[in-house]
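Worksheet: the structure to be examined is printed underneath.
First the proteins, then the strands, lettered A, B, ... as listed; each starts at 1.
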Amino acid sequence: MISTVFTTSGAHTTDRQRRLLEFSWHRAGQPGELVHLLAAALAEPPPARGLARVITTTPWRHHPYTGDFYPAYDSAAAVLEWLFDDRPGGTVLLVEPSSVLTAPVSIEVEPGRALGAPWPAFPSAESGPFGLGSDFAFLERYCVNSSLPVDAVCLPVLIHARDLRKMAARWLELMSIIRAEAGPGLTADRVAYAVAAAEYRIRHQPTDLSVGPDDEASAPIIDYRTAVTAGDGEVVWNPAAGEPWQAIDPQRAGAEAGRQLLKVLRDFVEFRDAGGELRILKPQRTPGVREARVADNMVLEIPGRPDSLSLNPSAAAIWQLCDSAHSLLDIASELEARHQLEPGALREDVVATIDLFVERQAIELVMR
Amino acid sequence: VTRTVSIQLNLVGGHTRTLKLAEDAPQLRQLFTALADPSGAPLVQLPIEGGEAALSFPAANLVSVITEPPVVVRLEHDEHATTSGAEQRSATSRARYLVVDDFLTPDERRELYDWTVANERRFKPGAVTSDDPSYRHNRVIVDFGRTPHSKLIENRLLIYYPLFIRRLDLALEPLKRVESQLTAGNDGDYFRAHADGGADRGNGSRYLTCVYYFFRRPRGFAGGDLRLYDSASEGEGLVLSDSFRDIDAIDNRLVVFPSDAIHEVLPIRCPSGAFTDSRFAVTGWLHRTSDPEPEATLGWGHFRCGAVSTSSAGPSGVGGGS
């Protein structure tokens, strides 16, 4: 089993990034579950329905003991919390939120043998703890064995859940130490990950899991933190530009990875404009939900809940179509046709009602 | 005006202990209830040293109580003559605890073990606040907190602290300090049922108890597991329940539970008797505070008292800011 996992920092990450990654995960036919770790306060609204299972975790971007603002703390803290709470098994594919999948990653790894994307800018040196050079000399004070070999890798990584659970706290701790000792100049999150993995003897074999948009090589994951450019250096697609993203001819990209990325983007735009996740997600009733009639209203009795949910005739009509076969878009279309309304006229009402059903645990949204 | 009462406890074996309680303190009533009916409240727990420690003993060991000035306490069964002690208890609360395996890296664990074995002479017999030698039998380094090894464990505990608190359904509060002790348990050693602190204490109380186990592999002992008792409330205190959970002492494992939980260390059997075959444990207590000192540092020294905010607006707690 493979869990593809990414972390976002509440309002600090754009929702379009999340949706593109979710879409690409679905498009690539990636096996297993997609887990979205949302480092956000409980008061913050969760993202609109998506294809990933959302797990809200405690935000750490303001370090609780030092006050240091560093969004990367969220990643390690969220992973730690998820692994501690959910106790998942199998392989974890940990990716950056600025990633898309162009092909499935179906390699399962054994404990102690992880794979990671090569990190060309790894601060390798002849001397210093872990061969990191004198900039990291302070690590001698906090690491028992600084002669361990460190693998020059970064996200995405494929790692066994048991290994990630072992090292996640140390990853977060080392990040805190590096930031406190060396300030913001060093890539604390990556170095901390590499050192924590070394300390727990979790070797990472550098593997071509990921490429950038201007790489000629191909890989199943593309990280688009940099823009897509044409052969002459002209920026073809800048992901940081304002919304909404629009389709761009893939042939305009100068490199193969860029063309692959623009194909994903083109398909995403088409998908988004045609209803997006509403086309895929199908409401499935929670087992044990009982229907009853009180006067003219339908009432749902939901297992494990002390209260019942009273439905007016419109909500009852939506409920009747929650049969695991109709997608959200199907339900809206069918009701619009039944009442001879314009296409799209009932979409918002249907979505709001479905969201209520989900919130009250009367249904869950599944992909089939 | 509420008077302060000086109380001398006379225990079996001639042991005595004097403490002071407010005249209307619920513990005073609990004490007299235990004296009148030891079966109703098998364990007595009283705060001592200003709430920094607890005195715990079996109610059956209480022989008499001398108070100065004299006090008259109306006992529970006077008011509820038809209600048995058992029926007065509320529903049993299940013991809450968390387990983290592979807590330290292999090299950290190995170095701690080597250091511990090399420092055998620093271990002294463990004691309890009641001075009852039969209550606890093991050896400890009480000033272990001054060592780098303790700092290493403290730092790791602080990383986990927000997670522990949430999972144990406790309030996220600023920390005052981390206290730690290193224990060696060998053949015949044990620690009878006790609690390390009280959640209802004020400033500086022990909040979470974190026990880190390490020992030679293959292990040279049997037993020594941690028994965590479920609790039942009686009056305003907690009493021992008949039910419990036993948690295996596994090498490189951390076990965490609220410091007011009643627990014991089951007897250890170590046929070789060799110190190197002992069951070693670092016990760390996270002390919470309602009055944090912004300059107090924790762990390696980078961390200051504070608490993780559950909002994204930034750190909370005094001293949490940069």
Quick one: does B:Thr209's side chain have a donor or acceptor within less than 3.5 Å of a partner on B:Pro258's backbone?
no
Which portion of B:Leu158 sits near chain A, non-hydrogen atoms under 4.5 angstrom:
both
Among B:Leu168, B:Leu226, B:Leu208, exactly one meets side chain to side chain contact (heavy atoms under 4.5 Å, CB included) together with B:Phe257. Which residue is that?
B:Leu226
With a 4.5 Å cut-off on heavy-atom pairs, point out which of B:Leu163, B:Leu98, B:Thr297, B:Asp101 contacts chain A the most.
B:Leu163
Could you look at A:Arg141 and say if it's the side chain, the backbone, both or neither that has a heavy atom under 4.5 Å from chain B?
backbone
Do we see a donor-acceptor contact under 3.5 Å between the side chains of B:Asp260 and B:Tyr207?
no
Any donor-acceptor N/O pair, A:Arg61 side chain to A:Ala39 backbone, under 3.5 Å
yes
Tell me whether the rings of A:Phe84 and B:Tyr160 are parallel (<30°), tilted (30 to 60°) or perpendicular (>60°).
tilted
Given heavy-atom pairs under 4.5 angstrom as the criterion, report whether the side chain, backbone, both or neither of A:Thr57 touches chain B.
neither
Cation-pi, A:Tyr70 ring and A:Arg179 (6.0 angstrom, 45 degrees)
yes
Given that the side chain runs from C-beta out, which part of B:Glu111 has a heavy atom under 4.5 Å from chain A: side chain, backbone, both or neither?
side chain
Counting heavy-atom pairs closer than 4.5 Å to chain B, which one of A:Asp85, A:Leu80, A:Leu148, A:Asn145 comes out on top?
A:Asp85
Could you look at B:Arg167 and say if it's the side chain, the backbone, both or neither that has a heavy atom under 4.5 Å from chain A?
side chain
